[in-house]
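Step one of this worksheet: look at the structure below.
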Amino acid sequence: GPFPHPLHARTPGSWLIHRGGSARAPTLSAMPSPHLSIVIPMFNEEAVLPLLADRLRPLADAMVDDGVCAAYEIVAVDDGSTDATPVLLQRLRRTWPEVRVLRLRANAGHQAAISAGLARARGDYVVTLDADLQDPPEVIREMLTIARTEGVDVVYGVRTDRTTDSAFKRWSARTFYRAQRALSSVDTPLDAGDYRLMSRATVDAVNALPEHHRVLRFVVPALGFPSATVGYRRAERAAGESKYPLARMLKLSVDSVTGFSLTPLRFATWLGLIGGLAALAILVFALGSRLAGHTLPGWTSTVVIVSAVGAVQLLALGILGEYVGRMYAAMQGRPTYFVAHDSLGEPEQPPQDRV
Ligand code: UDP
Ligand code: MG
């Protein structure tokens with residue numbers, strides 16, 4: 001493809017543990033069963049990790065037994081945890097061979113941890129899931145089935161019920177999604193977080209993006225690949241504390257807006273234009289006052305000069321902003337298209353009857 005990724009050079013059939021050997025009855029018998037990667041970022045999740053393993057393992061094993069997927073891997077991204085998370089992960093690996101631990105050298109943050117997992121995941125489909133069981137892992141099976149029966153590249157988990165989140169969290173999340181939709185032209189599904197399933201093509205496309213502070217919940221919809229949604233009920237964190245303090249939420253918002261919108265850069269342009277009109281009005285008013293004789297000597301010219309110079313400065317800033325914005329967009333270097341299919345090298349189609 002146009003974005004070669006040596007990490008993804010897959011050797012089919014050799015990379016995952018195949019369980020059993022028993023004959024299974026695949027539900028989608030026409031298609032070969034896919035390999036599934038489950039990427040889970042975790043930062044100091046010692047409290048929740050045993051609960052996660054107990055709940056996820058039977059589900060994942062059952063998907064293999066039922067032929068929903070041929071094999072799976074759990075990509076546990078240890079985002080520089082300072083508690084017992086790495087120890088627990090190593091211990092888990094001994095009894096659960098599908099667990100693969102990707103340890104980051106330092107805490108990189110939720111989005112970066114997911115990006116690291118996506119870059120290494122080998123599955124035909126990749127699910128990203130939080131470690132704290134707020135997103136019920138039962139939905140994975142449904143996501144995978146929908147992706148395959150409907151032939152879509154992305155299945156978003158959409159929170160239909162957030163009553164378990166705090167009022168502040170709900171309010172801030174709603175404001176965040178609404179503002180983002182208003183400021184950028186990307187059509188993001190409302191209330192979709194980072195619980196989603198992506199096809200290999202989608203993961204490759206995301207990995208090929210050169211930007212560093214990518215906010216995946218907007219980057220993925222921006223690709224515009226065929227998608228579907230699954231509703232789920234957002235649960236309470238199963239154990240431990242939120243790793244998302246307000247400062248991190250604000251950083252996520254700034255990354256989201258600056259990553260997808262040049263609107264803030266245009267503020268100065270608009271203020272400059274409005275300031276220019278105001279300066280004209282002030283000129284008329286000041287001249288009127290002067291003719292009416294209500295003014296001190298020098299007042300008219302001072303007022304007019306101050307307002308006009310302010311407007312000109314803002315306008316100049318706005319123009320600079322336009323150019324900076326174009327440079328920024330060029331630097332982001334987002335591909336403008338992704339090829340879905342190329343018939344080159346395919347065997348020729350048998351001749352078709354024409355009407
Ligand atoms: N997380 C991470 N690195 C961080 C912060 C969080 O990998 O620096 C992980 C965390 O372990 C969890 C997920 O990101 O699996 C979501 O974090 P959390 O549940 O604390 O966020 P909240 O649900 O409160 O927004
Ligand atoms: Mg959480």
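Atoms within a ligand are numbered from 1 in the order they appear, just like the ligands themselves. No hydrogens, no waters, no symmetry mates; every other heavy atom, side chains included, goes into these values.
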Closest non-hydrogen atom pair, Leu144 against Pro34: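 Shortest heavy-atom separation between Leu144 and Pro34 comes out as CD1-CG, 4.3 Å.
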Shortest non-hydrogen contact between Gly272 and Leu314, atoms and distance: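 That closest heavy-atom pairing would be CA-CB, 3.5 Å.
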Top protein contact for [atom], by heavy-atom distance:
atom: atom 18 (P) of ligand 1; result: Arg237 NH2, 3.4 Å
atom: atom 21 (O) of ligand 1; result: Tyr244 CD1, 3.3 Å
atom: atom 25 (O) of ligand 1; result: Lys169 NZ, 2.7 Å
atom: atom 9 (C) of ligand 1; result: Pro41 O, 3.8 Å
atom: atom 1 (N) of ligand 1; result: Phe43 CB, 3.8 Å
atom: atom 24 (O) of ligand 1; result: Ser242 OG, 2.5 Å

May I ask you to check whether [X] and [Y] show a side-chain donor-acceptor distance below 3.5 Å?
X: Arg217; Y: Tyr177; result: yes
X: Glu46; Y: Thr85; result: no
X: Tyr244; Y: His110; result: yes
X: Asp255; Y: Gln111; result: no
X: Asp130; Y: Tyr195; result: no
X: Gln134; Y: Arg237; result: no

Quick check: does Ser242 put an N/O/S atom under 2.8 Å from the Mg ion (ligand 2)?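 Checking the Mg ion (ligand 2) against Ser242, no N, O or S atom falls under 2.8 Å.
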Taking 2.8 Å as the cut-off, does Asp132 contribute an N, O or S atom near the Mg ion (ligand 2), distance below it?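 Looking at Asp132, which is the residue asked about, there is an N, O or S atom under 2.8 Å from the Mg ion (ligand 2).
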I'd like to know if the side chain of Ser172 reaches the main chain of Lys169, judged simply by a donor and an acceptor atom lying under 3.5 Å from each other, with no hydrogens or angles considered.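 Indeed, once roles are kept as given, a pair shorter than 3.5 Å links the two residues.
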Please confirm whether the ring centroid of Phe218 lies under 6.0 Å from the ring centroid of Phe176.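 Yes; Phe176 has its ring centre under 6.0 Å from that of Phe218.
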Side chain, backbone, both or neither: the part of [X] lying under 4.0 Å from ligand 1 by heavy atom:
X: Lys243; answer: both
X: Asn107; answer: side chain
X: Met249; answer: neither

Decide whether the shortest distance between a heavy atom of Arg234 and an atom of ligand 1 is less than 4.0 Å.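 Arg234: in contact with ligand 1 (<4.0 Å).
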Considering distance alone, does some N or O of [X] sit under 3.5 Å from an N or O of ligand 1?
X: Ala113; value: no
X: Arg248; value: yes
X: Asp130; value: no

Give a yes or no on this: more than 12 heavy atoms of other residues, nucleotides or ligands lie within 6.0 Å of atom CH2 of Trp171.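 No - once you tally the heavy atoms of other residues, nucleotides and ligands closer than 6.0 Å, there are 12 at most.
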Heavy atoms of other groups near Glu241 CD, more than 12 under 6.0 Å: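 No, not enclosed.
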Tell me the nearest of [options] to [atom], using heavy-atom distances.
atom: atom 7 (O) of ligand 1; options: Asp79, Leu52, Asp135, Leu252; answer: Asp79
atom: atom 19 (O) of ligand 1; options: Leu104, Val77, Asp132; answer: Asp132
atom: atom 12 (C) of ligand 1; options: Glu45, His110, Gln134; answer: Glu45

Ligand-side contact atoms (ligand 1) for residue partner Ala131, heavy atom cut-off under 4.0 Å: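 Here the atoms of ligand 1 in question are 15 (O).
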